Amino acid sequence: MPVVKGWLFDVYSSGDGMVIWLITVENQRLRLEDNFAPTFYIEGPSTRVMPLLSSLISKGMTLSFRLTEKQELFSGEWWPVWEVKVYPATKLPRVLKQITEKESDLQVFNVDLPLSWRYFHEKKVFPLAFCQVEYHPREQILNWEVLDSPRDTDYQFPPLTSIELKMEGKDVNPNHGKRGALEVRLEGKEHLLEVEGKELISYLNVLLRRYDPDIIFTHWGDSFLLPHLMEIAGRGQIPLALNRENNLRLFHRREHSYFSYGQVIYRAGAWMLRGRWHLDWENSFILAQAGWEGLLELARLTRIPVQQLARTSTGTGITSMQLATALEEGILIPWRKKQPEDFKSARDLILVDKGGLVYRPVPGFYEGVAEIDFSSMFPTLMAQFNLSPETVKCRCCAPGNSSGHRVPEIGYWVCRRRRGLVPKTLELLLEKRSCYKQLMSKSSDPEQKKIYQARQVALKWMLVTCFGYLGYKNARFGRIEAHEAVTAYSREKLLQAKEIVEARGFRMLHALVDSLWVQKEGVSEQGVSEQEYQELVRILSQETGLPLALEGIYRWIVFLPSRSFSRLAVPNRYFGVFFNGEIKVRGLEVRRSDVPPIVKKAQQEMLEYLFAANNFQEYRERISGARQILEQYLEYLKEGRADFAELVITRTLSHQPQDYQKNSLLAIVSRELSGRGIKLHPGESLALIITDSRAREKSDRAQAYVNIDGDRAYDQEKYCELLLRAWEPLYFPLKGNSS
DNA sequence: AAAGTACGGGG
DNA sequence: GTGTACGTACTTT
C-alpha cells in the first residue's frame, strides 16, 4: 500500500465519506477519501436502546454499537453508555433526528457537532498536521499517523501558494457603490483585469489552472467579489473554476448578524472552497487581529478547518478546544442548551454581579509612575483556583466539608476532587503563550519575532474569550457562577495588591481590574529606581500567588478628566511615556476607529512631539510647538487641501437604515444608500464624509465615501472642530489641575 | 435636558 | 457555531 508524508490541508464531507487533501513533502496536492463513521452516545436501559437501534438498522442505516463507560461532566460519575457509530457519516444528522424526536427522554451525548470538527477530533488530527498516511491505491485512507502536535511551538508548514483578488479603487466595501476593475496580485505583482463578462471569467479560469493556488485571498470576497464573479459566470453560462475539486459546488454559509459585547456584529455570507482556501481579509476577526500566522496557530490548536476558523469568533475556537479536552478525558459532551442559574437572593445579587474592580485616579500630570500588571489575570485565576462550570458549587463536594476553598465575598465552594475542564484547556494556552513570549525575546531574527508575536496575540485572544465564555449562558461550557467566582477572586487579588503597595510606602494612583499605577512617596523625579519597583513586583507576586510584571515606569503620565465631570478621571483615558521611550495611549482619538485619519495623524504627531518632554516643565515648554502642529493641520483643512481618504469616518450600523430614530450622519447616509437599492445590515460598517453638517437638507450633510466625487467640498468647519477636540486632552495638563 | 447612538478593553 | 457589559462622549430633537 502506498505511504506518503505530508501536511493535512483540508477536510470536508462529500458523497458518502470525507475528502482529505494532503500536501505531500514532494509538494504534490493529493486528494484522498476516508470512510469515516462518527460516534455518539446514548444513555438508557438496553430494553429501550436496543429496539431503537435495531429499528434504525431495519430502515437501512448502517450502525455499529457497544456498551462502554464515559464520564458525565457535571456529576463526575462514570456512566455506562451506548457508543454508536454511524456509516456513512453523512447519515448522522438523520439518525440523530430520529432518536431525538421519537425518544426525547433518552439522553444523548456528542451530538451537535459539525462533521468536519468531528473528523479532526475523533481522528486526533488537525489542520496542517504533519503526518504519514497509508492509503489504498483507490485513494482510500487506511491509516493516519500524526508526526507533530498542536503543543509544538516549532512546527513546519508546506510551501503554500496564493493569489489575491480585489476590486480596484477605494478600500471600502464595493457593495456600497462604484467599483473598478478586478485586481489580481500574483507572485508579488499586481495585474489589472480590464476585461468584462465572459472574458473575465475565462481569464480567471486560465490563471487558476496555470497557478493552481492553494489559497485565494480576497478583500470583500465573501460579501461581494465571489458572488459577483459567480453571477457573471452564471449569466455567461460558463463555469468558474474556483474549486480544486471542480464538480462540487462552493460551500456557502448564510450571512447573519449577532449581538456581542453590547454591539451588533455582521458576518457576511461565506463562500468556501473545496481543496483550496478562500480567505477574505475583510470578513475575518482572527486574520485582522492575529494575522496569517495567528490563524494557522489557532487552526492547529482548535482543530477547526482553516476556512471556517477564519470566519468565526475566538469563542467558537475556545469551545472547540474544550471539546478536544473533553474527548481526551472521556467526558460526555452535553447537548448545547441553556443552564438555569441558581436562585440568588437580592443581597447575593449585589455581592455577586460585579465585575473587576476599578479605582479612579485624580486627573493630572504625574512623574515617575510605575504600572504593574497581573499577567493574564483571569485565565490564571481559572487555572489556579480550578474554576470551571462543573467545579464551582460542584455536586461532589458538599458545602460543609470544603471550608478551606471558599470563593471570597460570595462563598461558593470549588471542587477539590476533579481538575476542571476549562482550567485543563487553559493550561496549554497559558503555557504556549508564555513559551512564545520567551522565544520572542530570545530571537534575534525580526521575521521570526513577528511570527511568535502573531501566535502569541492569537493565544491571548483565546485566553480573553475563555473568561467571557464562562459567563455566557449559551456557551456549551459556560456557567455564570464560575464567571462570578473569577471576578470575585480578581477583586480580592487587586485589593490585596493595593494593601501591599500602600504598606510598602507607595502611593496607589490608579487601579483597573488587573493593573496598578503606583508612585513612590516623596521621591524626586530622577529618584525612581527600577530596582525598587521590581522588588515591589516580586513581593506582590509572592504574596498574591499570581504572576505580576512591571509594564514599565512612566517618565510621566497624564490621567484625563471626564468631559462631563471634570473633577473625576476616566479610568481608561490616559497617555504617557516610559523611561525606555515607549509610549502608551488609551482612550484618545488615535485609538478610536470612528475618527478620520487626518485627526488621528495630527494627534499622533502632536503626541510624539510632547512625548519628547522629560518632565512637566519641559511639557509646558513644548506645548507651543504642539500647538504649531495643530495650526498647520487647521490651515490645511481650511484651505480645502485634505483629500477624502484623509477625512473618511467609518462607523458601524446598529440598525437597519429605516429603523434609525435620529438623523445621525450615519443614519442619513445609510438611508441614502438603501434608497439606491444597496442592502445594508446592522453590524456592517459604513464609510462617510461630512459635507455640510448643518445643511437643512439632510442628504447634503454627509455622503458615502464610495460615492463621493472629486468636486464635492467637505465641511471644513466640522473637521476643524474634530481636530480641536483632539487637541484638548493634550492641553489639559496646563489648565492648572495638574499635580 | 433627554433620548439615541457608537466605541473601547485585552497586548 | 453564538460574549446580550458598562461607562463615556457626542449628536439630535
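Note on naming: letters A, B, ... go to the chains in the order of the sequence lines (proteins, then strands), and numbering restarts at 1 for each one. What you see is a predicted model; the values in this text were computed from it and never measured.
- Between A/Arg592 atom CZ and B/dG8 atom P the separation is 6 Å, expressed in whole Å.
- Straight-line distance from the CG atom of A/Leu688 to the C1' atom of B/dT5: 14 Å, rounded to whole Å.
- Under the Watson-Crick or G-U wobble criterion, with both distances below 3.5 Å, C/dA5 is left unpaired in every strand shown.
- Residue contacts for A/Ser564: at a heavy-atom cut-off of 4.0 Å it reaches the sugar-phosphate backbone alone, with no base atom in range.
- Side-chain N/O atoms of A/Arg586 and base N/O atoms of B/dG11 include a donor-acceptor pair closer than 3.5 Å.
- Across C/dA9, B/dC7, B/dG4, the shortest atom-to-atom separation from the side chain of A/Asp594 is found for B/dC7.
- As judged by a 4.0 angstrom heavy-atom cut-off over every strand, A/Val464 is placed among the base-contacting residues.
- Counting all heavy atoms, side chain and backbone alike, A/Leu546 lies closest to A/Thr380 at CD2-CG2, 3.9 Å.
- If you check every strand for non-hydrogen atoms under 4.0 Å, A/Arg360 touches sugar and phosphate atoms only.
- Separation of the A/Phe251 and A/Trp271 ring centroids does not fall under the 6.0 Å cut-off.
- Looking at heavy-atom distances under 4.0 Å, A/Lys718 makes contact with sugar-phosphate atoms alone, never a base.
- Taking atom CZ of residue A/Arg651 and atom P of nucleotide B/dG4, one finds them 18 Å apart after rounding to whole Å.
- Checking A/Gly315 against A/Ile668, the closest nucleotide of DNA chain C that is more toward the 5' end is the one next to A/Gly315.
- Out of B/dG9, C/dT13, C/dG1, the shortest distance to the side chain of A/Thr319 is found at C/dG1.
- Taking the ring centroids of A/Tyr660 and A/His655, they lie under the 6.0 Å cut-off.
- In this structure, A/Trp117 reaches neither bases nor backbone, as no heavy-atom distance under 4.0 Å exists between it and the strands shown.
- Below 30°, between 30° and 60°, or above 60°: for A/Phe578 and A/Tyr554 the angle between ring planes is below 30°, a parallel geometry.
- In this entry the distance linking CG of A/Leu722 with C1' of C/dC10 reads 10 Å, nearest Å.
- The listed nucleotides are B/dT5, B/dC7, C/dG1; the one nearest the side chain of A/Pro114 is C/dG1.
- At a threshold of 4.0 angstrom between heavy atoms, the contacts of A/Pro571 with the nucleic acid are absent.
- Between A/Ser664 and C/dC10 there is no side-chain N or O to OP1 or OP2 distance below 4.0 Å.
- Between the side chains of A/Thr302 and A/Ser320, no donor N or O sits under 3.5 Å from an acceptor N or O.
- Distances were taken from every side-chain heavy atom of A/Asp112 (C-beta onward) to each of C/dT12, B/dG11, C/dG1; the shortest belongs to C/dG1.
- Applying the 4.0 Å criterion to OP1 and OP2 of B/dG11, one finds that A/Arg455 has every side-chain N and O outside that range.
- Backbone-only contact: A/Leu666 has heavy atoms under 4.0 Å from sugar-phosphate atoms and none from a base.
- Taking only side-chain atoms of A/Val570, from C-beta outward, the nucleotide of C/dT8, C/dT13, C/dG1 with the closest atom is C/dT8.
- At whole-Å resolution of the value, CG in A/Asn572 and C1' in B/dG8 are 7 Å apart.
- Residue A/Arg725 places no side-chain N or O under 4.0 Å from the OP1 or OP2 atom of C/dA9.
- Within 3.5 Å, no donor on the side chain of A/Arg254 pairs with an acceptor on the base of C/dG1, nor the reverse.
- Neither OP1 nor OP2 of C/dG1 sits under 4.0 Å from any side-chain N or O of A/Arg311.
- As judged by a 4.0 angstrom heavy-atom cut-off over every strand, A/His256 is placed among residues making no nucleic acid contact.
- Nucleic acid contact for A/Tyr258: sugar-phosphate only, since backbone atoms but no base atoms lie under 4.0 Å from a heavy atom of the residue.
- The CD1-P distance, from A/Ile265 to C/dT4, rounds to 11 Å in whole Å.
- Relative orientation of the A/Phe467 and A/His483 rings is parallel, given thresholds of 30° and 60° on the angle between their planes.
- Closest contact between the side chain of A/Tyr660 and the listed nucleotides B/dC7, C/dA9, B/dT5 involves B/dT5.
- A/Gln453 comes within contact range of no nucleotide atom at all, as no heavy-atom separation falls under 4.0 Å.
- Separation of the P atoms belonging to B/dG9 and C/dA9 is 14 Å when rounded to the nearest angstrom.
- Ring pair A/Tyr266/A/His681 is parallel by interplanar angle, where below 30° counts as parallel and above 60° as perpendicular.
- OP1 and OP2 of B/dG10 both lie 4.0 Å or more from every side-chain N or O belonging to A/Ser376.
- The phosphate of C/dC10 (OP1 or OP2) has a side-chain N or O of A/Arg563 nearer than 4.0 angstrom.
- Atom-to-atom, CZ of A/Phe285 to C1' of B/dG8 comes out at 13 Å; the value is rounded to the nearest Å.
- At whole-Å resolution of the value, CD in A/Gln661 and C1' in C/dC10 are 17 Å apart.
- Residue-level contact check: A/Phe467 touches neither bases nor backbone, having no heavy atom under 4.0 Å from any strand.
- Taking the six-membered ring where tryptophan is involved, the planes of A/Trp117 and A/His121 are perpendicular, since the angle between them exceeds 60° and thus also 30°.
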